[in-house]
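Step one of this worksheet: look at the structure below.
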Amino acid sequence: MARANSMKLNDTVESVLQQKGGKRVLSVTPDQSVYAAIEKMAEESVGALLVLSENKLVGIMSERDYARKVILKGRSSKATLVREIMSSPVFFVTRQHTVDECMAIMTNKHFRHLPVLEDDTVVGVVSIGDLVKWIIRGQAQTIQELESYITGKYPG
């Protein structure tokens, strides 16, 4: 078992995005209705959508935004535009940020999704779930390597 393949907290977001595979970036525009955005979230089984205007990141809309800024305020999701409830400006990371740095940002800021940008272009999104899966896989690999070491099967 090669330790070089082990998934660690200091791995970059680039590694996490590669592991996720060819997932497309899901988005809405600021002028779409909140209803259309929530419908898309339900269809795609996601908890947030990026808000893009002319391919530039201008906000993020989450189920939490919907619950707090539409439902609890008694607003209509069909009459409310995404721009009225989206969170902006958006915290983002680059491909070079580490899993650990992303976890710290998400924990401190109470976010569940972080867009990944490169030269003002969105190249992906990492969720808290993506990062937790990464960490769990890394721990499983470490446990397997330790078991191999203890039982004398570790390559040496």
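All values derive from a computational prediction rather than experimental measurement. Basis for what follows: all heavy atoms, side chains included, without hydrogens, waters or symmetry-related copies.
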Practice task
May I ask you to test the Q19-K133 pair for a side-chain heavy-atom distance under 4.5 Å?
Solution key: no
Problem - Joint cluster assignment, I135 & I105, ILVMFWY side-chain distance < 4.5 Å - result: yes
Exercise for the section: Indicate yes or no for a side-chain donor-acceptor contact from S53 to the backbone of K56 under 3.5 Å, with no hydrogens or angles considered. Expected result: no
Handout entry: Main-chain N/O of I85 paired to K69 side chain as donor or acceptor, under 3.5 Å
Key = yes
Handout entry: Spacing of CZ belonging to F92 relative to CG belonging to L57, to within rounding of 0.5 Å
Key = 8.0 Å
Problem - Pairing residues for S88 by the side-chain contact (heavy atoms from CB on, under 4.5 Å) criterion, not counting sequence neighbours - result: M86
Problem - H97: side-chain hydrogen bond (donor to acceptor under 3.5 Å, both in side chains) partners, not counting sequence neighbours - result: T94
Fill in the blank from the handout: Distance col, row L49:CG vs E63:CD, nearest 0.5 angstrom, shows 9.0 Å
Exercise for the section: Could you grab the distance from atom CD of E39 to atom CD of Q32, nearest 0.5 Å is fine? Expected result: 10.5 Å
Handout entry: side-chain contact (heavy atoms from CB on, under 4.5 Å) between V125 and L114, intermediate numbers included
Key = CA-CA 6 Å; V125 177; L114 270 177; 6.0 Å; no
Handout entry: Shortest non-hydrogen contact between V58 and P30, atoms and distance
Key = CG2-CG, 3.9 Å
Handout entry: Interatomic distance, Y66 atom OH to I71 atom CD1 [nearest 0.5 angstrom]
Key = 3.5 Å
Problem - Of V51, I60, L50, the residue whose pairing with V28 passes side-chain contact (heavy atoms from CB on, under 4.5 Å) - result: V51
Practice task
Go through the steps for S77 and T80 under the test side-chain contact (heavy atoms from CB on, under 4.5 Å), then give the verdict.
Solution key: CA-CA 5 Å; S77 60; T80 304; 5.9 Å; no
Exercise for the section: Please check if the side chain of K40 supplies one atom and the backbone of S27 the other of a donor-acceptor pair under 3.5 Å. Expected result: yes
Fill in the blank from the handout: OG1 of T12 to CZ of R95, rounded to nearest 0.5 Å, is 9.5 Å
Exercise for the section: Please list all pairs passing the salt bridge (Lys or Arg N to Asp or Glu O under 4.0 Å) test where one or both residues lie in residues 28-37, with sequence neighbours left out. Expected result: D31-R83
Handout entry: Evaluation steps, side-chain contact (heavy atoms from CB on, under 4.5 Å), between L131 and V16
Key = CA-CA 8 Å; L131 300 180; V16 178; 4.3 Å; yes
Handout entry: Single-linkage hydrophobic cluster, 4.5 Å side-chain cutoff, V99 and V123 together
Key = yes
Practice task
Could you tell me whether E84 and R75 have a side-chain N and a carboxylate O separated by less than 4.0 Å?
Solution key: yes
Practice task
Give the intermediate values and the outcome of side-chain contact (heavy atoms from CB on, under 4.5 Å) for residues V93 and E101.
Solution key: CA-CA 9 Å; V93 293; E101 289 169 329; over 6 Å; no
Problem - Nearest heavy atoms of M103 and I128, plus distance in Å - result: SD-CD1, 3.7 Å
Exercise for the section: Can you establish whether the number of heavy atoms outside N55 located under 6.0 Å from its atom CG is more than 12? Expected result: no
Fill in the blank from the handout: Scanning both residues in full, the closest heavy-atom pair of H113 with A48 reads ND1-CB, 3.4 Å
Exercise for the section: Verify the distance criterion only: is there a donor paired with an acceptor across the side chains of D65 and S87 at less than 3.5 Å? Expected result: yes
Fill in the blank from the handout: In terms of heavy-atom contacts, L26 and V46 come closest through CD1-CG1, 3.8 Å
Problem - Rounded distance [0.5 Å steps], CE in M61 versus CG in L81 - result: 11.0 Å
